[in-house]
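Below is one structure; the comments refer to it alone.
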Amino acid sequence: MKEAAALFFITMNAEFDVTGITIETKRLILRPWKITDLKDFYAYASVPDVGERAGWKHHESVEKSNEILKLFIEEKKTFAIISKKNNRAIGSLGIELYGNEDKLTEFANLKGREIGYVLSKDYWGQGLMPEAVKAVTDYLFNTLDYDFVLCGHFDKNTQSARVQDKCGFKPYRKLVFDTRMGTKESGILRLLLNPNKDIKLVFSHPETLISAI
Ligand SMILES: CC(C)(COP(=O)(O)OP(=O)(O)OC[C@H]1O[C@@H](n2cnc3c(N)ncnc32)[C@H](O)[C@@H]1OP(=O)(O)O)[C@@H](O)C(=O)NCCC(=O)NCCS
């Protein structure tokens with residue numbers, strides 16, 4: 001019986017392809033990354049304590065930035081965040097595949113992804129990331145008809161927690177995240193449901209649940 005059930009398991013990570021998408025806000029343009037963004041990307045990704053807060057080591061060489069930039073372009077799921085003031089790439093926002101798809105059965109038959117973001121340290125504290133996140137979640141809900149968006153942060157990352165508060169994400173699970181540096185960090189996974197839909201979730205795994213939304 002278990003095997004039969006597994007055959008009918010429906011995955012919940014929605015389709016996403018950033019190709020051809022441009023999202024404009026008051027101060028920003030979000031568009032696919034280009035190879036010509038390398039200089040801007042390295043400029044912010046090489047600053048210590050920026051990537052580390054998102055689980056990756058700051059780039060110690062321009063070659064490393066080039067390698068990751070090529071991945072962004074290949075994988076077609078990450079926006080470059082462009083400042084309208086100077087036309088420079090000042091951050092990134094990825095429409096990531098969320099993990100534990102088999103465990104989070106509350107999302108069975110629903111469409112969603114997890115977002116992740118980083119902003120150049122030179123631009124912190126101006127409300128730019130909330131502006132980008134709101135525009136992207138509006139696009140995912142209104143244009144792509146997603147049902148939900150997840151976003152996580154490490155416990156110590158109060159700045160990212162504030163971004164998620166401001167964008168309406170509610171704390172939903174307490175989890176331990178694997179970082180790209182091979183370490184583990186305890187943190188919070190937050191959830192935003194499409195406000196245009198009446199979605200009722202039946203939550204799995206009560207041991208990690210903070211609150212049912
Ligand atoms: C998290 C991050 C994207 C926030 O972006 P932002 O555009 O600066 O967001 P906001 O301007 O809304 O600031 C959020 C909070 O950070 C705090 N903050 C702002 N500037 C700060 C600074 N220079 N130093 C310390 N804290 C600061 C404030 O408490 C602010 O909340 P408030 O508006 O209620 O006062 C940015 O700090 C960043 O890129 N950090 C490194 C990568 C990262 O953490 N990514 C997220 C992984 S989950």
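Order of listing sets the numbers, starting from 1, for every ligand and every atom in it.
Proximity annotation for atom 48 (S) of ligand 1: of Gly152, Ala54, Pro130, Gly152 comes nearest, heavy atoms only.
Listed by atom number, the atoms of ligand 1 under 4.0 Å from Gln126 heavy atoms are 11 (O). Against a heavy-atom cut-off of under 4.0 Å, Val118 is close to the following atoms of ligand 1: 39 (O).
Within a 4.0 Å radius of atom 28 (C) of ligand 1, the protein contributes no heavy atom. Less than 4.0 angstrom separates atom 35 (O) of ligand 1 from none of the non-hydrogen atoms of the protein.
Counted by atom type alone, Arg53 and Gln159 present one or more donor-acceptor pairs between their side chains at under 3.5 Å.
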Trace of the side-chain hydrogen bond (donor to acceptor under 3.5 Å, both in side chains) decision for Tyr146 with Thr137: CA-CA 9 Å; Tyr146 279 24; Thr137 54; over 6 Å; no
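Here's the thing with Val163: none of its N/O atoms is less than 3.5 angstrom from an N/O atom of ligand 1. The shortest N/O to N/O separation between Asn157 and ligand 1 falls below 3.5 Å. Below 3.5 Å of separation, one finds no N or O of Gln164 facing any N or O of ligand 1. At least one N or O atom of Gln159 sits closer than 3.5 Å to an N or O atom of ligand 1.
Ranking the protein heavy atoms by distance from atom 22 (C) of ligand 1 puts Trp124 CE3, 4.1 Å first. Scanning the protein heavy atoms around atom 39 (O) of ligand 1, the nearest turns out to be Leu119 N, 2.8 Å. In terms of protein heavy-atom proximity, atom 41 (C) of ligand 1 is closest to Val50 O, 3.4 Å. With respect to atom 20 (N) of ligand 1, the closest heavy atom belonging to the protein is Gly125 CA, 3.2 Å. Of the protein's heavy atoms, Met129 CB, 3.4 Å lies nearest to atom 5 (O) of ligand 1. Summary of contacts: the protein heavy atom closest to atom 15 (C) of ligand 1 is Arg162 CB, 3.8 Å. Among protein heavy atoms, atom 11 (O) of ligand 1 sits closest to Gly127 N, 2.7 Å. Ranking the protein heavy atoms by distance from atom 45 (N) of ligand 1 puts Tyr117 O, 2.8 Å first.
The line from CD1 of Ile95 to CG of Leu97 is 11.0 Å long, rounded to the nearest 0.5 Å. Here the straight-line distance linking atom CG of Leu192 with atom NZ of Lys170 works out to 8.5 Å at 0.5 Å rounding.
Contact annotation: for Arg53 versus ligand 1, heavy atoms closer than 4.0 Å belong to both the backbone and the side chain.
Using a 30° and 60° split on the angle between ring planes, Phe41 and Tyr44 fall in the perpendicular class, above 60°. Ring-plane geometry between Phe107 and Tyr98 is classed as perpendicular, the angle between the planes exceeding 60 degrees on a 0 to 90 degree scale with a lower cut at 30.
For the pair Glu106 (side chain) and Ser204 (backbone), a donor-acceptor distance under 3.5 Å is present. Formation of a donor-acceptor pair under 3.5 Å by the Lys84 side chain with backbone atoms of Thr25 is found in this model. A donor-acceptor pair is defined here as one N or O able to donate and one able to accept, closer than 3.5 Å; no such pair exists between the side chain of Arg113 and the backbone of Asn13. The closest donor-acceptor contact from the side chain of Asn157 to the backbone of Ser160 lies under 3.5 Å.
The 12-atom threshold is not exceeded at CD of Glu15, counting heavy atoms of other residues, nucleotides or ligands nearer than 6.0 Å.
Each of Leu150 and Ile210 belongs to its own hydrophobic cluster when Ile, Leu, Val, Met, Phe, Trp and Tyr are linked at side-chain heavy-atom distances under 4.5 angstrom.
Within the 4.0 Å heavy-atom shell around ligand 1 one finds Lys166. Under a 4.0 angstrom heavy-atom cut-off, Ser120 registers as lying outside contact with ligand 1.
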